[in-house]
Each structure stands twice: as C-alpha cells, then as structure tokens.
Amino acid sequence: MKNIIQAVKGTREFYPEQMFARNFIYGKVRAASEMFGYQEWDGPFIEPLELYAAKSGEELVKKQSFTFEDRGGEQVALRPELTPSLARMIAAKQGELNFPVRWWSFGPFWRYESPQRGRSREFFQWNIDMLGADSPEADAELIAVGATFLRSVGLSPSLTQIYVNNRRLMDSQFDALDIPTDKRVDVSNLVDRRAKMESAKWEAYALEIGLNQNQLDGLKSLLGNFDLWKQSEELTRTFTALEALGVKDYVKFDPNIMRGLLYYTGTVFEAFDTSGSVKRAIFGGGRYDNLLADVGGQPLSGVGFAMGDVVAGIILQEAGLIPEFQPSPAQVLVTVFDTTLLPQSFALAAELRAAGLNVMVYPEPTKLQKQFKFADKMKMKVAVTVGPDEAANGQAAVKSLRTGEQVVVTRAAAAEKIREWLK
RNA sequence: GAGCCUGUAGCUCAAUGGCAGAGCGCCACACUGUGGAUGUGGAUGUUGUGGGUUCGAAACCCAUCAGGCUCCCCA
C-alpha cells in the first residue's frame, strides 16, 4: 500500500463519485451554453510553446506552464489557457465563419503552480466567448450566461454575485486623476490588493508606487463610488440589458474589479461566492478588442469568460448542491441462485435489458444474503431472483428493496413490474 | 520561488519519550431462498518516506514527499 506510486502533484483522481460531480458541472455548463445558442468546440491539449510566448510574458509561460521538448525537438506546452487557441482557430477561418460566433468549451488545462485550496495543477475550465460583436448588450449576454449557470446549479443571488466594471470607465477616471499611463499596471495591482491589505498598509503601498496624496484620495473615493457606472454609457446599456435578460439580481457594479490589464479593454466581470469561503473568483471575463491582431488575423472584438471546475466544485459541495451520487447506473440486480441456475439469471438480465432497463447481474453464484447485501449497498431499487421454484414455472421473484415487498410473476411480466417499482 | 501548519487502521481522530488505541466502516457467524435493524466474534497498521538522537521515538532533530494557510502569481 505504501509503495504505490503517487499521483503527480496537483492532479486529482476522479473516482466515480468525483466523476459524477465533474459531469454534473459539465452538464450544467452545456445546458447554460446551449440555452443561449453557443456551440461546443475544442482545441488541441498540446500547443507550440510560442503560441503563448507571443502573447503572454515569457517568464509567466516558462514558470507556470508544463513545457517539454518533443522527440522532434519542438518546444511544446500543455495548454495553460484556451484563448490563444481560440484566436488562432478563428483567425484561420475568419473569412468563412458566420459572425457573431458563439462558442463554448469545457476541457482540461495545466498550470505549474503551487497547489492549494481552489487551485490545482490540472483542472477543467469552461470557456465561452462571443466574437464579432462589440455591443454592451453582447457583454450583457455573456454575463447572463454566467448567471444562468449559477441559477441552474442552485446558487442563488444571495450565495453568489457577479461584480461588473469597465476598463474604459476606469481609464477615464484615472485620466481625471492625472495618473500617468505607465502607472496603470501598478494601480491595477493596487486596486486588486485592496481587499487583502489593511487600509494603512494599502495607503502606504499606494504612495510607494508613486501616487501623491491627492491621487490616493481621489482613488479611494473612486473605489467607494458604486454609482460610478451611471457615467458610462456602455455600462448603463449593459445593466439595462441585464435587467431585460432577467438576471439583474445577480449583478452589481463594483469599481474594485480590475482583472489586470492584460487584454481586457472594456467591460470586465467576476463572480464570487458571497460567504467568502473561497476567495478566488468562480468565473471571470470581459471584453477584449485586440485578440486576433496578435495572431495575425483581422481586428475582431470579442467578449467571454472562463470558469475553473475547482472553485466552482468547492462552492457547490459546500452549499450541498451536488446531487446525491448513485453508486450504480443500474437500479436492478438480478441475483444468481446457484451454478445450475446461473444461465437463467443471465438470460433474464438480457431480457430485461432488451426491455430497456439498466440491469446488473451478480457475476458468480454465492450466498443470496451476500448478493442482497451488495444490492443494498449499491442502492439498487429492485432485486430479481430465479430460484428452482421460479425456474420450473418460467417465473421470476421480483422484490422491491425499498418496501421489501416481493411478488412472483412470469418472466415476460417481470419488466413491467420492475418499471412500476422504479417509479 | 518564500514563510508557517499538518500527515497515526478504509474514514474521523486519540495516545507528548515507555505495550499504537477508540468510534464509524469492513469481514464472519446468529440467518443453508433474501438487504437495511440487533447481537456475538474477528482483522485492522512499515505512525507519509528516508536518516539521526536515545536503553527506548508516533512524539525530539535533519532531509524528503504530499496536503493546507499566507505571500507571489493568476494568461
């Protein structure tokens, strides 16, 4: 036992119960995506390293990606994100796609980071994007898809909120405060850290990165102004659309949401669990205008977001929203009386399957008590036994494991009786 | 990449330098054509791994692996 080779650090093993939870999320992701007309797609899991190196900082790529040299000497990476693959695939067919394109994907990603709660090295991520439309209403649609997902898994607005901001709005505010362009990255970092730091330390840090007292005061009042969105035509339209889409109770303007400066150019948003149990965002995204130009395509605006399965899974688990795991997809067990009658049980199981039931048959003759115990542990609803008496008369004993009631019926009538008890 | 905490039976955890234990779960039997409940009995184990200190280590020290918290990062 102790000599078992361990799983790779930061990976997760999906036993049937975890697989069930993962597929639950996948199913809800699919439903929310398809409800809005998005098509499922995927890219390769391995990409040339330069696909990421071109866009992201090289240090980040080298430090936080799983990279290796293949046998042909090519530098490749396990994909750390999907957006560059999306950009390339869109650019390659830019002339023939029917815009606006609505695509979603759910697949594995790898990042070489230090594993901790809510973060693993191998995870699944939902990506969903609309490309070729740049209206505030398109932004609203993506936020509504996210809200629809939250609602569909039972995460009410009191449990989760989507915070919305807009980079252009913030830029104009930074302009008004005379914060120079080359300080914007630092200021974004500063804003991101505000919740994590004590206010005195945070203010000291603000002065440290070169803000003057006047700018700091301006920034503080800016970050406390939750009516600021009214000054942005874009956000005003987005919020109007969100109301029409019926998800207004999920969204709230928050000037503290920045999402870095990497490629977001307009509206940005992040969903959080309001209990604060997990401090990481459930999902986050926004509008980007320059994506395709980076991979050689024609300029094309897009909006999208990504959701990892780790944080979402923890929150759903804690909220008790993952449905009860069923140990077996079958609800019927056909027992085996003894060696002589084993073929009868196998034949009966086949008949029941042909009648459309999911049926397990005990794979070897053993004490009936043990077989019923097994059926109970596997949460079977019905057990069917063909003993000598039943076999002699072409019958089967059908027992409801919920009520304990048992009836002997002809084999031909067994399926119907089982179906009745499964209801 | 840095700091801190944790690691004991399948699970949750006791044992603070002196015989490795409890509860739950598991197995057997009571019950040779039938689960859940009950009773009786049984097995839980390289104390994460490797080394060191000691008459003696689960405990103390060093290293290492894994998980967690914080920083960093978050494409």
Side-chain angles (χ1 to χ4, degrees), chain A residues 1-13 15 47 49 51-65 77 79-87 109-121 123 125 127 188-189 192-193 196-197 201 258-264 270 277-281 283-286 288 291 294 304-306 308 310-311 314 333-338 341 345 362 365-391 396-408:
Chain A
M1 198 64 180
K2 298 299 178 196
N3 292 329
I4 287 178
I5 293 172
Q6 289 183 329
V8 172
K9 178 174 180 166
T11 60
R12 290 167 298 161
E13 298 179 302
Y15 288 85
E47 289 278 19
L49 183 59
L51 178 68
Y52 308 104
K55 194 178 72 64
S56 325
E58 202 145 342
E59 277 185 35
L60 273 180
V61 170
K62 282 201 172 135
K63 274 177 79 172
Q64 303 213 322
S65 292
R79 62 180 188 182
E81 59 165 330
L82 191 60
T83 309
S85 306
L86 171 68
F109 295 86
W110 294 265
R111 290 183 193 173
Y112 197 81
E113 297 184 288
S114 159
Q116 45 188 272
R117 185 175 158 85
R119 193 165 72 182
S120 58
R121 288 185 173 178
F123 55 95
Q125 197 170 69
N127 284 266
S188 293
N189 265 325
D192 274 342
R193 272 181 217 190
K196 286 185 183 175
M197 294 173 80
K201 277 189 179 174
M258 292 301 287
R259 289 196 67 73
L261 275 173
L262 276 146
Y263 50 59
Y264 293 111
E270 286 185 333
S277 155
V278 186
K279 286 174 195 132
R280 300 169 193 286
F283 61 73
Y288 43 84
L291 194 64
D294 292 341
F305 69 84
V310 183
V311 170
I314 291 172
L333 176 77
V334 177
T335 62
V336 170
F337 192 86
D338 59 25
L341 289 169
S345 288
Y362 207 87
T366 180
K367 289 168 71 172
L368 279 179
Q369 187 183 21
K370 188 171 175 184
Q371 300 185 42
F372 271 78
K373 230 170 201 156
F374 174 78
D376 190 50
K377 293 243 172 66
M378 295 300 279
K379 300 216 167 111
M380 297 287 109
K381 301 220 163 42
V382 174
V384 188
T385 305
V386 182
D389 298 343
E390 290 85 8
V398 181
K399 179 172 183 177
S400 165
L401 295 178
R402 273 190 297 219
T403 65
E405 188 186 351
Q406 177 168 302
V407 294
V408 176

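In what follows, chains are A, B, ... by sequence order, proteins preceding strands, each numbered from 1.
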- Of the candidates B:rC69, B:rG36, B:rA75, the side chain of A:Gln64 sits closest to B:rA75
- Say you pick atom C1' in B:rG1 and the same atom in B:rC74; how far apart are they, in whole Å? 15 Å
- Task: Please step through side-chain contact (heavy atoms from CB on, under 4.5 Å) for the pair A:Val382 and A:Val398, ending with a clear verdict.
- Result: CA-CA 7 Å; A:Val382 174; A:Val398 181; 3.7 Å; yes
- Message: Quick check for you: to the nearest 0.5 Å, what is the distance between A:Leu368 atom CG and A:Tyr362 atom OH?
- Response: 10.5 Å
- Task: Between B:rA75, B:rG36, B:rC73, spot the one nearest the side chain of A:Arg193, thanks.
- Result: B:rC73
- Query: Could one point to a donor on the side chain of A:Lys399 or the base of B:rG35 with an acceptor on the other under 3.5 Å away?
  - Reply: yes
- Rounded to the Å, how far apart are A:Ile314 CD1 and B:rG67 P? 13 Å
- Item | Minimum-distance nucleotide (side-chain atoms of A:Lys367 versus B:rC29, B:rC74, B:rA75) | B:rC29
- Task: List the steps, then state whether side-chain contact (heavy atoms from CB on, under 4.5 Å) holds for A:Gln116 with A:Arg280.
- Result: CA-CA 11 Å; A:Gln116 45 188 272; A:Arg280 300 169 193 286; 3.0 Å; yes
- Message: So that I can compare with my own list, what are the stems of RNA chain B, taken as at least three consecutive Watson-Crick or G-U pairs with distances under 3.5 Å?
- Response: B:1-7 with B:65-71, B:10-13 with B:21-24, B:26-30 with B:38-42, B:48-52 with B:60-64
- Query: Can you find a side chain N or O atom of A:Arg117 that sits less than 4.0 Å from OP1 or OP2 on B:rC69?
  - Reply: yes
- Task: Map A:Glu113 and A:Val386 onto RNA chain B by nearest heavy atom, then report which one ends up closer to the 5' terminus.
- Result: A:Val386
- Considering only heavy atoms and no angle criterion, is a donor-acceptor pair shorter than 3.5 Å present between the side chain of A:Gln371 and the base of B:rG33? no
- Out of B:rU34, B:rG36, B:rC74, whichever nucleotide has its closest atom nearest the side chain of A:Arg111: B:rC74
- For the side chain of A:Lys373, starting at C-beta, report the closest nucleotide among B:rA75, B:rA66, B:rG36. B:rG36
- For the side-chain contact (heavy atoms from CB on, under 4.5 Å) test, which of A:Gln64, A:Lys9, A:Arg111 pairs with A:Arg121? A:Lys9
- Query: Which of the following nucleotides, B:rG67, B:rG33, B:rG1, is nearest to the side chain of A:Pro115?
  - Reply: B:rG67
- Note on the structure: Assert: residue with more 5' nearest nucleotide on RNA chain B, out of A:Val8 and A:Gln406, is A:Gln406
- Note on the structure: Considering only heavy side-chain atoms of A:Phe372, the closest of B:rG33, B:rG35, B:rG67 is B:rG35
- Query: Got a donor-acceptor pair under 3.5 Å from the side chain of A:Gln369 to the base of B:rC31?
  - Reply: yes
- Task: Check if the side chain of A:Arg119 and the base of B:rC73 share a donor-acceptor pair of N or O atoms closer than 3.5 Å.
- Result: yes
- Query: Within this structure, what is the CZ-to-P distance between A:Arg280 and B:rG68, rounded to whole angstrom?
  - Reply: 10 Å
